[in-house]
Amino acid sequence: MTILYEDNHIIAVNKAVGEIVQADKTGDKPLSDQVKEYIKEKYNKPGDVFLGVTHRLDRPTTGVVLFARTSKALVRLNDMFRSHDGIKKTYWAIVQGKPPVPGARLQNWLLRNEKQNKSYIVKENTISAESRIDATPSRLNKPQLAVLEYRTLAAGDNYSLLEVNLLTGRHHQIRCQLAAIGCPVKGDLKYGAKRSNPDGGICLHARRIEFIHPVSKQNIIIDAPAPNDNLWNSLTSKL
């Protein structure tokens, strides 16, 4: 586990491929537990250690994950992530081929299929088949507007490195929207990649998080180094 930033109220780590941020049905040890153990040992804290999960990354992705060390920080960070006010997330993605234009804003309506754990681009007024079965208004699965901006940072013969700025935070948003323009993320079989990566991950990396500190109000920028492998190194060396 690599610590990227730490103070009395927040802590950020660089998530590796395959790690889960928070406990789930697999029973695998989550990153949150690893961070708690680190804090407990470093600061010799008795009893349970408080740690708040402010956001998540998909298991096959990598990059910066931000946790709250105090309840005050957790409440304020949750509000920022929910409203997208005072916080900016930047991703790097290695995609197949080259996008149709070097940079653009993508805006789509996404519908999440819970059973498949997958999102689809649909028309705005689409309602899922699952929702039609149980038509209780509170359970209707309706499309959500997804907006991102991307630009090409580097390109090789078969793959391109894109920088992606999320303007909304939808389920599998980057993976779905990039696949829709013919550039699935490398290794992402679920969204049309030709083959899997040897480590089971996908080449989507949470590169940077920039936000107003929930307590000090200072502007904080945290960068996560890209994964250390031949393709990542080759493309990032062009920057």
Side-chain angles (χ1 to χ4, degrees), residues 1-6 10-22 24 28-35 38 51-69 77-78 80-81 84 86-95 119 146 148-154 159-179 183-188 190-191 193 196-211 213 219-239:
M1 183 178 69
T2 303
I3 306 297
L4 300 172
Y5 179 91
E6 180 181 1
I10 59 177
I11 184 169
V13 301
N14 194 4
K15 182 181 111 50
V17 165
E19 289 183 319
I20 53 174
V21 175
Q22 198 171 27
D24 64 8
D28 294 342
K29 186 175 183 178
L31 190 58
S32 56
D33 281 1
Q34 296 181 49
V35 177
Y38 162 82
L51 190 75
V53 177
T54 65
H55 67 118
R56 297 167 184 80
L57 293 179
D58 295 335
R59 188 164 194 156
T61 65
T62 58
V64 59
V65 179
L66 183 64
F67 295 97
R69 293 188 56 194
L77 286 170
N78 282 343
M80 281 192 280
F81 276 105
H84 302 284
I87 198 159
K88 179 182 178 182
K89 292 188 289 184
T90 302
Y91 289 77
W92 281 357
I94 296 178
V95 300
S119 288
L148 63 76
E149 294 176 342
Y150 77 85
R151 66 187 182 103
T152 303
L153 297 179
Y159 299 101
S160 299
L161 174 63
L162 307 185
E163 180 181 86
V164 180
N165 289 316
L166 279 180
L167 303 182
T168 56
R170 309 306 185 197
H171 176 259
H172 290 182
Q173 177 180 343
I174 296 174
R175 299 165 65 179
C176 183
Q177 290 187 278
L178 292 183
C183 294
V185 175
K186 183 180 182 298
D188 196 0
K190 179 169 285 190
Y191 288 95
S196 61
N197 289 341
D199 61 7
I202 64 175
C203 290
L204 180 60
H205 179 69
R207 165 62 175 171
R208 170 177 292 181
I209 187 166
E210 182 175 356
F211 59 100
H213 193 284
N219 190 55
I220 304 294
I221 299 175
I222 303 172
D223 287 335
N228 183 21
D229 68 28
N230 291 337
L231 183 57
W232 277 106
N233 293 338
S234 173
L235 288 171
T236 57
S237 70
K238 301 175 186 290
L239 303 181

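Only this structure's heavy atoms are used, side chains among them; waters, hydrogens and symmetry mates stay out.
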Check your understanding: Which is it for Arg170 and Gln177 under the side-chain contact (heavy atoms from CB on, under 4.5 Å) test, yes or no, and what are the steps along the way?
Key -> CA-CA 11 Å; Arg170 309 306 185 197; Gln177 290 187 278; over 6 Å; no
**Study point:** Leu167/Leu148 under side-chain contact (heavy atoms from CB on, under 4.5 Å): CA gap, chis, key distance, verdict
**Key:** CA-CA 5 Å; Leu167 303 182; Leu148 63 76; 5.7 Å; no
Check your understanding: Does the side chain to side chain donor-acceptor pair (under 3.5 Å) test come out yes or no for Gln173 and Tyr91, once each step is laid out?
Key -> CA-CA 12 Å; Gln173 177 180 343; Tyr91 289 77; over 6 Å; no
**Study point:** side-chain contact (heavy atoms from CB on, under 4.5 Å) assessment of Tyr191 paired with Val185
**Key:** CA-CA 8 Å; Tyr191 288 95; Val185 175; over 6 Å; no
Review point. Would Leu66 and Tyr5 satisfy side-chain contact (heavy atoms from CB on, under 4.5 Å), going step by step from the backbone distance to the final call?
Key: CA-CA 9 Å; Leu66 183 64; Tyr5 179 91; 5.8 Å; no
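For the pair Ala226 and Thr236, the tightest heavy-atom approach, listed with the atom from each and the gap, is CB-CG2, 4.4 Å. Taking both residues in full, the closest heavy atoms of Ala193 and Pro184 are given as N-CB, 3.9 Å, listed atom of the first, atom of the second, then distance. Closest of all the heavy-atom pairs between Cys176 and Ser119 is SG-O, 3.4 Å. In terms of heavy atoms, Ile222 sits closest to Ala12 at CD1-CB, 3.7 Å. Nearest heavy-atom pair, Ala93 versus Leu178, reported as atom, atom and distance to 0.1 Å: CB-CD1, 4.1 Å.
Each of Leu51, Ile3, Val21 was evaluated against Val35; a single residue qualifies, Leu51, per the side chain to side chain contact (heavy atoms under 4.5 Å, CB included) test. Under the salt bridge (Lys or Arg N to Asp or Glu O under 4.0 Å) rule, Glu163 has a single partner from Arg151, Lys89, Arg208, which is Arg151.
Remark: Ala224 pairs with Leu4, Asn14, Val64, His205 by the side-chain contact (heavy atoms from CB on, under 4.5 Å) rule, at least two apart or across chains. When the side-chain contact (heavy atoms from CB on, under 4.5 Å) test is applied to Thr61, the partners found at least two apart in sequence or on another chain are Lys15, Leu57, Asp58, Ile202, Leu204.
Although no hydrogens or angles enter the test, the distance criterion places no donor-acceptor pair under 3.5 Å between the side chain of Thr62 and the main chain of Val17. A donor-acceptor pair under 3.5 Å is absent between the side-chain atoms of Asn197 and the main chain of Asp199, judged by distance alone.
The distance from the CG atom of Asp188 to the NE2 atom of His172 is 8.0 Å, given to the nearest 0.5 Å. Remark: Tyr159 OH to Cys203 SG distance equals 8.0 Å, nearest 0.5 Å. One distance of note links CD of Glu210 with CD1 of Ile220; it measures 10.0 Å at 0.5 Å rounding. Rounding to the nearest 0.5 angstrom, the gap separating the CE atom in Met80 from the OG1 atom in Thr54 is 9.0 Å. Residue Arg207 holds its CZ atom at 12.5 Å from CG of Asn165, rounded to the nearest 0.5 Å. Distance CG/Leu162 to CG/Leu153: 7.0 Å, rounded to 0.5 Å.
When side chains are defined from C-beta on, Leu161 counts as touching Leu239, because their heavy atoms get closer than 4.5 Å. Within the 4.5 Å cutoff, side-chain heavy atoms of Leu77 are placed close to those of Phe211. Side-chain contact between Val53 and Phe67 is present, with heavy atoms from C-beta onward closer than 4.5 Å.
Of the charged side-chain nitrogens involved, at least one lies within less than 4.0 Å of a carboxylate oxygen, so that Asp28 and Arg59 count as a salt-bridged pair.
Summarising the local packing, CG of Asp24 is surrounded by more than 12 heavy atoms from other residues, nucleotides or ligands at distances under 6.0 Å.
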